[in-house]
Each structure stands twice: as structure tokens, then as C-alpha cells.
There are 2 protein chains.
Amino acid sequence: MRQSMQQLADDSARTLADRVFARLQDDIVRGVIAPGSKVSETDLAGRYGVSRGPLREAIRRLESRKLVEREVHVGTRVASLSFTDLIEIYYVREALEGQAARLAAERMSDQQVAGLYQLLAQHEQQQDLREDTAYFQREFDLDFHYRIIQGSHNQTLIRMLIGELYHLVRMYRYQFSTTANRPQKALHEHRRIVEAIESRDAEMAELLMRRHIGRARENIEQQAQQRNPQ
Amino acid sequence: MRQSMQQLADDSARTLADRVFARLQDDIVRGVIAPGSKVSETDLAGRYGVSRGPLREAIRRLESRKLVEREVHVGTRVASLSFTDLIEIYYVREALEGQAARLAAERMSDQQVAGLYQLLAQHEQQQDLREDTAYFQREFDLDFHYRIIQGSHNQTLIRMLIGELYHLVRMYRYQFSTTANRPQKALHEHRRIVEAIESRDAEMAELLMRRHIGRARENIEQQAQQRNPQ
DNA sequence: GGTGCCGCCATTGTCGACAATCCGCATTGA
DNA sequence: TCAATGCGGATTGTCGACAATGGCGGCACC
């Protein structure tokens with residue numbers, strides 16, 4: 001499962017810059033390096049045992065993914081997502097993953113669809129077995145969405161969602177240790193999406209996916225409002 | 001107009017890498033550097049009068065925007081878009097710009113909407129005045145879409161479309177010197193989209209924008225089929 | 001006591017040189 | 001004649017040093 005979920009910090013990466021990038025990204029997304037903290041080139045170069053060259057390249061790549069923010073001649077710091085940023089991302093996800101679901105309904109193989117059902121079953125089982133299922137829910141949720149995105153067979157779409165956007169979503173979840181607080185509902189929505197895909201109803205798959213993500217967004221907005229009542 | 005359309009090669013950019021990046025991107029998008037041709041670091045460094053450091057950084061940024069393709073220890077070459085790539089991009093545009101139109105209908109100021117009508121009028125006038133309107137049509141088309149995207153007021157959405165995707169679309173248009181071959185229809189579709197935005201009908205604005213881009217895609221697919229009949 | 005200026009220090013930006021890797025070509029052997 | 005292999009040139013990857021810029025603290029002046 002993990003293998004399918006992200007490009008791992010592969011030590012067999014071809015260049016130092018690749019390795020440093022993978023490691024740095026992981027450290028940032030998982031919160032090992034605190035959001036908002038400074039990222040000194042000299043410092044990190046020493047810590048990772050490379051010169052500043054490859055490290056700069058890694059930082060630039062992270063910058064283009066919006067995982068760090070750079071200010072010329074001043075420095076780089078780990079991005080800290082605001083609620084506004086997260087809401088914006090969810091609007092983009094709604095559009096892109098809706099399209100992904102539509103394409104997946106048209107293009108996924110029967111085998112892949114069967115795999116989705118298996119995943120749903122695992123998810124339900126996990127929910128029965130454990131009390132604190134927050135972590136597993138997160139992972140299952142990600143895996144579910146990843147699979148449908150891949151099912152679109154649209155490389156550009158896949159790159160934009162998995163290659164760019166999802167790192168931010170993951171970082172956010174680590175930052176706020178978000179617990180999925182509507183697990184049964186989400187699971188039910190997942191099932192309906194898979195059913196639409198199975199029956200090759202592209203229109204319906206898109207609609208359901210957009211609703212699914214739209215509700216997640218509304219959920220976040222409500223939480224924000226409760227914490228920060230005007 | 002041009003000012004609003006892209007981040008120009010601003011000589012007041014803070015660093016050498018910034019300047020080189022802007023220049024290189026422009027040269028690549030406009031086809032000054034032929035698609036598929038090799039991009040030697042040493043060569044370009046000499047040509048632009050900088051060392052390889054800043055130039056490498058510029059190339060890396062272009063890589064993350066898919067304007068060049070890099071192969072480790074081998075070199076970088078200017079990306080040459082295949083039809084498949086372009087079709088994929090249009091599916092993504094359909095989703096993202098549909099969402100942009102929806103948000104624009106909700107969030108654009110009345111002033112901005114008035115600006116859209118002015119643009120439409122200019123477009124129509126231009127079409128009457130000139131025979132060969134291909135170039136102007138292209139520019140107007142881009143400007144129209146740019147404005148609606150900006151009207152979404154969603155920075156993430158704007159970045160993904162204007163900051164990443166549109167450079168590829170522009171490069172493609174230069175590559176194949178695409179002539180918009182359905183100008184009247186496109187113009188009419190534009191007008192209906194603006195009307196939907198003006199009446200704050202978000203649902204309709206999204207639908208019309210998706211259709212508009214969907215038809216452009218079908219148009220490309222037909223052309224490809226005619227040139228390459230199986 | 002507060003405010004503005006000046007100089008030092010830390011950090012990033014830039015550079016040129018060296019090392020590692022890959023591609024093409026020629027040579028050699030079957 | 002063809003295929004495999006080893007060499008040479010060219011290109012990219014990495015490094016350490018130097019230059020340029022921005023922030024911060026101290027000092028003087030109001």
C-alpha cells in the first residue's frame with residue numbers, strides 16, 4: 001500500500017539532489033521540521049552531509065511545490081498552510097478529482113474496480129476492529145483517492161493531484177493532526193462512488209466525487225468557524 | 001493587455017537566476033529554441049553571460065513546469081508536446097476552468113464583468129477589421145480565459161492554470177501555429193459565458209465553460225484524426 | 001528616553017574547477 | 001560482416017570559495 005501511495009525516499013535515486021529532495025520532503029510533510037521554521041542552506045547541507053549545490057536544488061523543487069517559501073537574500077522557511085489555503089486546495093481537488101472519477105469510470109479495468117471493492121472491505125473491517133482508527137482511516141482515505149486518480153489514466157491530472165497537491169494535504173493533516181470526524185459517512189460515500197464507477201456511469205461518478213470532497217471542505221469550514229467564532 | 005497576460009522577462013528581477021529563467025521560458029514558449037533541441041548548460045551559460053549555477057536553477061524550474069525534459073547525466077531538451085499530452089491538458093483545463101467560471105460568477109466584481117464585455121466588443125471589432133486575425137484571436141482568447149481565471153480569486157487555482165498549464169498551451173500553439181479555426185463559434189460561446197457570470201448563475205457558467213473547452217478539445221482531436229487517419 | 005543611522009555578521013547568490021557518468025566510435029575477435 | 005568491448009570526448013553532478021545583500025545590535029543625536 002505504501003508503495004503505491006508515494007514516491008519513497010529511494011536511496012537508489014540517481015543523484016544526491018534527488019535523495020536530499022526526497023528526504024527533505026518527507027521531513028517537511030511529516031512535520032519533523034516544524035512549519036514556519038527556517039531552513040538554512042548551510043545548516044542542512046552539513047546535517048545531510050552534502051554541499052550546498054544539491055541542497056539548493058532540492059529546496060527549489062520544494063519551493064515549486066509550495067512546501068517551502070523563499071525570500072531572496074533572506075532565506076527559506078517551511079510553509080505553514082492557512083485555512084484559506086486549505087479551502088482553496090479543496091476547491092481545486094473538487095474539480096480535478098471529479099474529473100478523475102469521471103475518467104476512471106470510463107477507463108478503469110474491471111480488475112482495478114475489483115481492487116477498489118477490496119479496499120472498501122478492508123476499510124470497513126479495520127473500522128470494526130480498532131477503537132482509534134484515525135491513522136488507518138487517513139491512510140485508507142488517501143489510498144482510495146490515489147487509486148481513482150490513477151484510474152483516470154491521465155498523466156497530467158495524476159501529476160497535478162498526486163505530484164503536487166496531495167503533499168500539501170498530507171502536510172496539513174500532520175500539522176493539525178486532523179482526525180477524520182465523519183468516517184462512516186465518508187465510507188458510505190466512497191462506496192457509492194465505486195458503484196458508479198463499476199456501472200460505468202461517468203456523470204454520476206463525477207457528481208458523487210465532487211459532493212464527497214465538497215462535504216469534506218464544508219466540514220473543515222465549520223471546524224474553523226467553531227474554533228474562531230467571529 | 002500583455003502585462004496582464006504573463007510575468008514578463010523583468011530585468012529588475014532580483015537575481016540572475018530569475019532573469020535567466022524568464023528569458024529562457026520566453027524563448028522556449030515562443031519557439032525561439034526549437035522543441036526537442038538540446039539545452040546545454042555550458043552553452044547557454046555562455047550565451048546568456050552567466051555561470052552554470054543560476055542557469056541550472058532556471059532549467060530546474062522549467063523542468064517542474066514540464067517545459068523541458070531532463071535525463072540524468074545526459075542532458076536537457078526542450079519538451080515537445082504530443083497530441084496525447086495536449087488532449088490530457090484539455091481535460092484538466094475543462095475541470096479547472098469550469099470551476100474557475102463557477103467561482104468567478106460568484107466572486108467577480110461588477111466592474112470586472114464590465115471589463116469582460118469590453119473585451120468581447122474589442123474582439124468582435126478586431127474580427128471585422130482584419131482579414132488575418134489569427135494572432136489577435138489567439139491573444140484575445142488567452143486574455144479572456146485569464147480574466148475569468150483571475151476572477152475566481154482562488155490563488156491555488158490561478159497558479160495551477162496560469163502559472164503552470166498555460167505555458168504549455170501557449171508553447172503548443174506556437175509549435176503548430178494553430179489557427180483558431182472556429183472563431184465565430186468561440187466568440188459566441190464566450191459571450192454566453194459572460195452572460196451567465198453577469199447573472200451570477202454559477203452552475204451555468206461552469207457548464208458553459210466546460211462545454212467551451214470540451215469543444216476545443218474535440219476540435220483538436222478531429223484535426224489529429226484528419227492528419228493521421230488510421 | 002526614544003529614534004534614526006551605521007557597521008558587523010550571518011545568510012544567500014554566484015562563480016570556476018574537479019569528479020562522475022554517458023554516448024559514439026573505433027578496434028578486435030569470431 | 002557483425003557484434004562486443006574499451007577508449008575518448010563531452011556533458012552533467014558536486015564541491016568549496018568569494019561576492020552581495022539583508023537583518024540586527026550598538027551608538028550617537030535629538
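Keep in mind that what you see is a predicted model, and the values were worked out from it rather than measured. Reminder, nothing fancy here: chain letters follow the sequence lines and each chain counts from 1.
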Original post:
Would you say the side chain of B/R65 lies within less than 4.5 Å of the side chain of B/H167, judging by non-hydrogen atoms?
Top reply: yes
Original post:
To the nearest angstrom, how far is A/H73 atom NE2 from C/dT12 atom P?
Top reply: 11 Å
Original post:
Does B/R173 reach the side chain of B/L142, with side-chain heavy atoms less than 4.5 Å apart?
Top reply: yes
**OP:** Indicate the ring-plane relationship of B/F83 and B/Y172, choosing parallel, tilted or perpendicular according to the 30° and 60° boundaries.
**Re:** perpendicular
Original post:
Hey, where on DNA chain D does chain B first and last touch, going 5' to 3'? Cut-off is any atom under 4.0 Å from a heavy atom.
Top reply: D/dT12 to D/dG22
Original post:
Looking at B/T15, does any N or O in its side chain come under 4.0 Å of the phosphate oxygens OP1/OP2 on C/dT12?
Top reply: no
Subject >> DNA chain D: 5'-proximal contact among A/V50 and B/K38 (nearest heavy atom) >> reply: B/K38
**OP:** Please work out if A/T42 contacts a base, only the sugar-phosphate, or nothing of the nucleic acid, heavy-atom cut-off 4.0 Å.
**Re:** base
**OP:** Mind checking B/V39 for me? I need base, sugar-phosphate or nothing, with any heavy atom below 4.0 Å counting as a touch.
**Re:** sugar-phosphate
**OP:** Would you please name every residue forming a salt bridge (charged side-chain N to carboxylate O under 4.0 Å, His left out) with B/E221, sequence neighbours left out?
**Re:** B/R217
Subject >> Plane angle bin for A/H190 and A/H145 - parallel if under 30°, tilted between 30 and 60°, otherwise perpendicular >> reply: perpendicular
Original post:
What's the spacing between A/E218 CD and A/R215 CZ if we round to 0.5 Å?
Top reply: 8.0 Å
Original post:
What's the CD-C1' distance between A/E69 and C/dT12, to the nearest Å?
Top reply: 17 Å
Subject >> A/Y90-A/N219 side chain donor-acceptor pair, cut-off 3.5 Å >> reply: no
Original post:
When you measure from every atom of DNA chain D, which of residues 51-59 of chain B have a heavy atom less than 4.0 Å away?
Top reply: B/R52, B/R56
**OP:** Quick one: label A/R60 by what it contacts on the DNA or RNA (base, sugar-phosphate, nothing), any heavy atom closer than 4.0 Å.
**Re:** sugar-phosphate
**OP:** Check the distance between C/dA19's P and A/R14's CZ and give it to me in whole angstrom.
**Re:** 20 Å
**OP:** Classify the ring geometry between B/Y166 and B/Y146 as parallel (under 30°), tilted (30 to 60°) or perpendicular (over 60°).
**Re:** perpendicular
Original post:
Side chains of A/Y48 and A/D43: is there a donor and an acceptor less than 3.5 Å apart?
Top reply: no
